[in-house]
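As structure tokens, the structure follows; a few thoughts come after it.
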Amino acid sequence: MTTNTVLLLLLSVLLAGVVSYYHYFYKAKNKSKVNWVLALLRFCSIFGLLLLLINPILSRKTIEIQKIPLPIVVDNSTSITVLQANEMTEKSYQQLISNSKLKEKFDLQTFRFSSELEMVDTFDFKGTQSRLDLVGKNLKSRFKSSNHPTVLISDGNQTQGSDFVYAFDEYKAVYPIVVGDTTTVLDLKISQLNVNKYAFVRNQFPVEVFLSYAGNKPLTTDFTISNGKSVVYKQKVSFSTNQNSQLLSVLLPAEKVGVVVYKATLSSVETEKNTYNNTKNFAVEILDQKSEIALVSEINHPDLGALKRAIETNKQRHVTILKPNQINSLQPYNILIFYQPTTAFKAVFEKNQLAKLNTWIITGKSTDFSFLNQQQALFDFKMSNQKEDYLASFSNQFNLFSIEDIGFTNFPPLENAFGTITTKTKVENLLTARISSVELNAPLLSFVEYQGNRFCFLFGENSWKWRLQSHVDNQNFDKYDQFIDKTIQFLATNDARKSLVVTHENFYNSGDAIEIKAQFFNKNYEFDDNARLSITIKNKSTNQTKTYDLLKTANAFKVNLDGLLADNYSFTVNENNSNTSYSSSFEVLDFEIEKQFVNPDYAKLNQLAQHTKGKTYLANQVESLVESLLQNEDYKPIQKEIIKKTPLIDWFWLLIFICFTLAAEWFIRKYNGLL
């Protein structure tokens with residue numbers, strides 16, 4: 001409280017006393033006890049009001065001891081049990097939290113982690129994944145302003161995420177306690193196996209395998225890949241102390257359509273502590289996407305050769321260039337491309353009315369638009385005899401399939417008849433037309449789904465110049481050819497738009513997240529968030545079934561089926577309001593990544609300790625760690641002096657007191673006839 005405030009308070013006491021004396025004692029004939037009571041009440045009222053006007057600030061000082069936080073993070077993954085280190089982990093944790101001196105100096109906070117970091121002090125060692133990088137990131141955000149140590153009780157074996165060494169704050173020391181037997185034992189391991197999920201029938205698909213060896217003597221092993229009881233690949237692999245890893249690249253034949261499960265095995269005559277990591281199952285879905293495409297044209301044009309080369313860069317496509325009168329049957333073909341159709345195409349159009357093949361129509365200077373108006377009901381053409389050059393503008397709103405802008409706006413113009421093109425149904429425009437810098441908002445490349453068929457329209461010839469321009473821009477034809485391939489892929493699929501769309505994999509690894517998503521659309525193909533979706537899962541081996549509800553997210557419904565055992569499953573997703581359903585199957589492969597380890601990763605945890613200026617300890621050195629933390633002067637508790645300042649005007653009871661004194665004075669004066 002300042003000197004001025006004290007002087008004002010003294011002046012307030014004097015002023016309140018003078019006013020009370022003047023009202024009740026100055027020239028008063030009767031100085032009774034009532035006058036003394038009234039004078040006291042008047043004094044209190046005036047002094048209270050003056051106090052509120054002066055509003056002195058009262059300060060209160062307290063001392064608070066703030067301990068440094070000490071996160072104790074425990075690995076709760078299955079690998080702790082596999083390494084028979086669960087008792088060791090529990091014992092190390094109990095030694096830390098039961099130390100009274102450590103509690104006195106630090107604010108002990110217990111966490112456990114597997115795929116997520118949780119503030120929990122119980123452990124079951126059932127986590128199916130290890131995310132050590134997530135531990136570092138979460139601790140950074142949780143303890144931003146505090147310089148604190150971290151104790152990490154773990155085997156150091158990470159199965160997901162980025163390099164955890166650099167996920168921790170390098171200015172905050174981490175003290176790993178390594179649990180598990182660090183003695184190196186002989187171990188053969190399939191470290192990683194890379195394969196594409198899909199392959200095409202009658203082709204070969206690559207498999208990349210990383211093999212590793214831990215041991216102190218040369219060893220020759222057999223690496224095999226089998227499908228059921230038949231071995232499809234076998235190779236001798238040699239290891240030594242100097243060459244403890246091998247990379248194998250294998251080509252396997254894709255012989256039958258469907259999901260094919262393979263088993264990779266690394267075996268030897270030596271006895272190993274852990275043989276679970278010697279095998280790895282993987283699966284590939286073999287697809288038959290061979291497409292026969294008829295490119296029908298009455299004229300010769302450079303566009304024909306450019307289209308054929310671009311389409312056939314995908315080995316699953318084969319293009320046959322034909323005259324309209326050369327087509328006797330459409331049965332051999334999957335897709336039709338009509339290049340600048342005229343009345344000569346009439347027979348082909350009539351055949352396609354029965355065959356209902358997906359069609360790509362390309363127009364140009366030689367197109368008979370009157371004939372085209374008669375043969376299709378998607379566009380209405382009112383064209384003149386004048387020719388025009390049309391440049392392309394890419395539409396970012398196109399969403400039928402994923403495609404990037406490969407530089408369409410810089411491509412040379414396409415030539416077509418000048419006129420008006422009117423859409424007669426819902427059309428998705430990938431490219432729109434412009435003349436010079438004037439946007440026409442007219443279609444240039446359009447895609448349509450109509451009555452169960454798919455159509456594509458390109459309104460202009462000389463697209464061979466686009467392929468050349470793409471080569472000039474990128475030094476290869478890849479981007480343009482991929483654009484053409486996606487166009488053909490759209491036409492190669494005959495699936496009509498469905499009201500219930502379910503997204504799932506054909507196979508999952510046991511221990512991974514098994515998530516199935518679904519979307520339900522109303523008759524206008526708008527996402528219906530009021531749908532009621534459920535899923536019934538059936539184990540094909542045991543015939544056991546379970547039913548779950550799908551939970552709604554922002555733009556889909558989903559269900560997590562984690563915990564399913566390795567086996568084959570069939571499932572049905574039902575929309576309960578409309579009785580719409582979708583049925584399929586998947587397989588859970590026998591692979592648990594947490595069972596792949598035979599030793600803790602001491603080197604990686606030690607690297608983390610060095611990076612953060614900490615130190616690595618073994619499970620039998622916990623007392624040394626405690627002593628080090630207690631003696632470290634960088635982690636002293638912080639003493640804070642807290643001063644709380646309270647303005648007097650915030651005192652609610654002072655206002656009540658002033659009201660009471662004023663009311664009491666009035667009632668006493670009234671009772672004694674002084675009013």
Side-chain angles (χ1 to χ4, degrees), residues 293-313 317 319-324 335-342 344-345 359-369 371-372 379 381 383-395 398 403 405-421 429-447 455-488 490-491:
I293 301 164
L295 177 51
V296 186
S297 176
E298 192 182 17
I299 63 174
N300 295 322
H301 197 282
D303 282 352
L304 305 179
L307 280 171
K308 180 178 173 64
R309 289 187 181 90
I311 294 170
E312 290 185 345
T313 54
R317 324 282 191 207
V319 178
T320 305
I321 301 177
L322 300 163
K323 298 286 186 181
I335 300 171
L336 293 176
I337 302 178
F338 292 147
Y339 188 79
Q340 303 208 38
T342 61
F345 285 68
T359 307
W360 185 358
I361 297 176
I362 302 172
T363 66
K365 295 182 294 183
S366 302
T367 304
D368 186 338
F369 288 99
F371 169 76
L372 203 54
F379 292 90
F381 300 98
M383 316 302 283
S384 66
N385 294 326
Q386 184 180 349
K387 310 303 176 186
E388 186 59 78
D389 290 336
Y390 294 98
L391 294 167
S393 294
F394 182 76
S395 173
F398 182 81
I403 192 166
D405 186 355
I406 61 172
F408 292 107
T409 54
N410 298 321
F411 284 175
L414 299 183
E415 193 170 0
N416 199 32
F418 181 77
T420 303
I421 302 174
N429 293 322
L430 175 62
L431 301 175
T432 56
R434 60 187 172 91
I435 298 176
S436 187
S437 60
V438 179
E439 295 287 350
L440 303 179
N441 293 322
L444 188 65
L445 178 61
S446 302
F447 295 85
F455 299 87
C456 178
F457 287 82
L458 177 62
F459 301 113
E461 61 181 85
N462 295 329
S463 60
W464 65 272
K465 296 181 181 179
W466 285 11
R467 193 167 189 259
L468 290 182
Q469 185 63 47
S470 179
H471 188 281
V472 171
D473 295 340
N474 304 290
Q475 308 309 310
N476 56 56
F477 296 112
D478 292 351
K479 287 192 173 183
Y480 181 82
D481 291 349
Q482 288 171 11
F483 151 65
I484 294 296
D485 185 62
K486 288 193 175 185
T487 302
I488 297 298
F490 171 81
L491 295 171

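No side-chain heavy atom of I337 sits under 4.5 Å from any side-chain heavy atom of V319. Within the 4.5 Å cutoff, the side chain of I299 has heavy atoms near those of the Y339 side chain. With a 4.5 Å cut-off on side-chain heavy atoms, F483 and L430 count as touching. By the 4.5 Å heavy-atom criterion applied to side chains, L295 and L304 are counted as neighbours. Contact of the I361 side chain with the P341 side chain is registered, since non-hydrogen atoms from C-beta on lie closer than 4.5 Å. Using a 4.5 Å heavy-atom threshold, the side chains of R317 and D485 count as touching.
A distance-only check finds a donor-acceptor pair linking the side chain of S384 to the backbone of F418 [under 3.5 Å]. Side chain of Q340 to backbone of K365: a donor-acceptor contact under 3.5 angstrom is found. Of the possible polar contacts, none joining the S436 side chain to the V438 backbone as a donor-acceptor pair under 3.5 Å is found. Looking at N429, its side chain never comes within 3.5 Å of a backbone N or O of L431 through a donor-acceptor pair. Listed for the W360 side chain is no donor-acceptor partner under 3.5 Å among the backbone atoms of F455.
Atoms CD1 and NZ, on I403 and K486 in that order, are 6.0 Å from each other to the nearest 0.5 Å. To the nearest 0.5 angstrom, L414 atom CG is 5.5 Å from L458 atom CG. Taking CG of L491 as the start and CD1 of I293 as the end, the distance is 8.5 Å to the nearest 0.5 Å. Taking CD1 from I311 and CD1 from I335, the interatomic distance works out to 8.0 Å, rounded to the nearest 0.5 Å. Put simply, CZ on F457 and CD1 on I421 are 10.0 Å apart, with the number rounded to the nearest 0.5 Å. One distance of note links CG of L336 with OG1 of T359; it measures 5.0 Å at 0.5 Å rounding.
P443 and F379 make their closest contact through CG-CE2, 4.1 Å (heavy atoms, listed as atom of the first residue, atom of the second, distance). Scanning both residues, P324 and A344, for their nearest heavy atoms gives CB-O, 3.4 Å. The nearest pair of heavy atoms linking I362 to G460 is CG2-O, 3.7 Å. Minimum interatomic distance between D389 and P413 (heavy atoms only, all atoms of both residues): CB-CB, 3.7 Å. Smallest separation of non-hydrogen atoms from P412 and L391: C-CD2, 4.2 Å. Contact record, F369 with G364: CE1-O, 4.0 Å, taken as the closest heavy-atom pair.
With sequence neighbours excluded, the residues forming a side-chain contact (heavy atoms from CB on, under 4.5 Å) with E439 are S393, T432, R434, listed by chain and number. The side chain to side chain donor-acceptor pair (under 3.5 Å) search around Q469 returns D473, not counting sequence neighbours.
The stretch residues 411-420 participates, sequence neighbours left out, in these side chain to side chain donor-acceptor pair (under 3.5 Å) pairs: T363-N416.
Ring pair F371/F345: centre-to-centre distance not below 6.0 Å.
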Quick one: do F381 and F459 satisfy ring pair (Phe, Tyr, Trp, His ring centres under 6.0 Å)? Show the steps, please.
CA-CA 11 Å; F381 300 98; F459 301 113; 5.8 Å; yes
Stepwise, does the side-chain contact (heavy atoms from CB on, under 4.5 Å) test hold for L445 with F408?
CA-CA 11 Å; L445 178 61; F408 292 107; 5.8 Å; no
Could you walk me through whether T320 and K308 pass side-chain contact (heavy atoms from CB on, under 4.5 Å), step by step?
CA-CA 8 Å; T320 305; K308 180 178 173 64; over 6 Å; no
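Using bins of under 30°, 30° to 60° and over 60° for the plane-to-plane angle, the ring pair F411/W466 lands in the tilted bin. Ring planes of F490 and F447: perpendicular class, angle over 60° (limits at 30 and 60°).
Other residues, nucleotides and ligands contribute over 12 non-hydrogen atoms within 6.0 Å of the CG atom of N476.
Ion pair D481/R467 flagged as a salt bridge, since at least one NZ, NE, NH1 or NH2 atom sits closer than 4.0 Å to an Asp/Glu carboxylate oxygen.
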